[in-house]
Novice: 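Below you will find the structure I want to go over with you.
Hydrogens, waters and symmetry mates are skipped; everything else that's a heavy atom, side chains included, is used.
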Amino acid sequence: MAVQILKQKYFRWHDAGDVQSHEHMAKIIEVCKLTPNTKHWLPTQERQYLPKPEDVPANLIIRLSRSKVDGPAGNAWTHDSGVTTQEGERTCPAPDQGGACKDCRACWNKDIKSVIYGKH
């Protein structure tokens, strides 16, 4: 897996699906360590598999997905993402860019605590 990712500047884990176990999370963390020049983004709802914050490599951001549409941010993790139905609340520009991130890299940016997607 690491060989496939080495030349990528940005990598998103799980376009569909989620972390399946502590072992799965440990393997993701190992791949991130083996690809230090790639920024990794891992969206997840699987709170029970979150590592200790100090075990997360600098090049990996884990965003805990909010459990409900239009739900509030929680305090279970340092970064999160949510889905909104409210006009003007969405921060993700992809729907305005043909469904693509293009130059936006908010999901990979540790300075951005929450990213909000529009319900689709």
Novice: Once ring-ring contact (aromatic ring centres under 6.0 Å, His included) is applied, do any residues pair with W108, and if so which ones, sequence neighbours excluded?
Specialist: Y10, W41

Novice: L6 versus N37: any side-chain heavy-atom pair under 4.5 Å?
Specialist: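 No, too far: nothing below the 4.5 Å cut-off.
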
Novice: List, by chain and then residue number, the residues other than I116 in its hydrophobic cluster (Ile/Leu/Val/Met/Phe/Trp/Tyr, side-chain heavy atoms under 4.5 Å); write none if there are no others.
Specialist: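 I116 clusters with nothing; isolated.
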
Novice: Using a 3.5 Å distance criterion without hydrogens, assess whether the side chain of D18 forms a donor-acceptor pair with backbone atoms of Q45.
Specialist: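 A pair under 3.5 Å: yes.
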
Novice: What residue pairs, at least two apart or across chains, pass side chain to side chain donor-acceptor pair (under 3.5 Å) with a residue in residues 49-62?
Specialist: none

Novice: Are the side chains of Q4 and F11 in touch, meaning some heavy atoms are under 4.5 Å apart?
Specialist: no

Novice: Can you give me the closest heavy-atom contact between L34 and A2, atom names plus distance?
Specialist: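 What the structure gives for the nearest pair is CB-CB, 3.9 Å.
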
Novice: Is any side-chain heavy atom of I61 closer than 4.5 Å to one of V56?
Specialist: no

Novice: How close do P57 and K33 get, counting heavy atoms only, and between which atoms?
Specialist: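 That would be CG-CG, 3.9 Å.
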
Novice: Can you check whether H24's main-chain N or O pairs, donor with acceptor, with S21's side chain at less than 3.5 Å?
Specialist: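 Answer holds: yes.
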
Novice: Nearest heavy-atom pair of T35 and H40: which atoms, and what distance?
Specialist: OG1-NE2, 2.7 Å

Novice: Taking side-chain contact (heavy atoms from CB on, under 4.5 Å) as the test, write out the residues that go with K7, two or more places apart.
Specialist: none

Novice: Please report the C-alpha distance between T38 and K9 in whole Å, then the side-chain angles of each, then the deciding distance to 0.1 Å, and finally whether the side chain to side chain contact (heavy atoms under 4.5 Å, CB included) criterion is met.
Specialist: CA-CA 5 Å; T38 301; K9 190 170 180 179; over 6 Å; no

Novice: Does anything in residues 89-112 pair up under salt bridge (charged side-chain N to carboxylate O under 4.0 Å, His left out), and if so which pairs, sequence neighbours excluded?
Specialist: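 Qualifying pairs: R90-D96.
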
Novice: Are the side chains of L60 and I29 in touch, meaning some heavy atoms are under 4.5 Å apart?
Specialist: yes

Novice: Could you tell me whether a side-chain N or O of H22 sits under 3.5 Å from a main-chain N or O of Q48, the two making a donor and an acceptor?
Specialist: yes

Novice: Taking D80 first and then R66, would you say they form a salt bridge - that is, a charged N and a carboxylate O separated by under 4.0 Å?
Specialist: yes

Novice: Under 4.5 Å between any side-chain heavy atoms of L42 and H14, yes or no?
Specialist: yes

Novice: For the side chain of R12 and the backbone of C107, is there at least one donor-acceptor N/O pair under 3.5 Å apart?
Specialist: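 The answer is no, because no donor-acceptor pair under 3.5 Å joins these two groups.
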
Novice: Which heavy atom of L64 sits nearest a heavy atom of A76, and at what distance?
Specialist: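 Looking at all heavy atoms of both residues, the shortest contact is CD2-CB, 3.8 Å.
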
Novice: If I compare all heavy atoms of I112 with all of R63, which pair ends up nearest, and what's the gap?
Specialist: O-NH2, 2.8 Å

Novice: Which heavy atom in K113 sits nearest to a heavy atom in T78, and how many Å separate them?
Specialist: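 Smallest interatomic distance, heavy atoms only, reads CD-O, 3.6 Å.
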
Novice: What distance do H79 atom NE2 and I62 atom CD1 have between them, rounded to the nearest 0.5 Å?
Specialist: 10.5 Å

Novice: With sequence neighbours excluded, what pairs up with Y117 under the ring-ring contact (aromatic ring centres under 6.0 Å, His included) test?
Specialist: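 Here no residue qualifies.
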
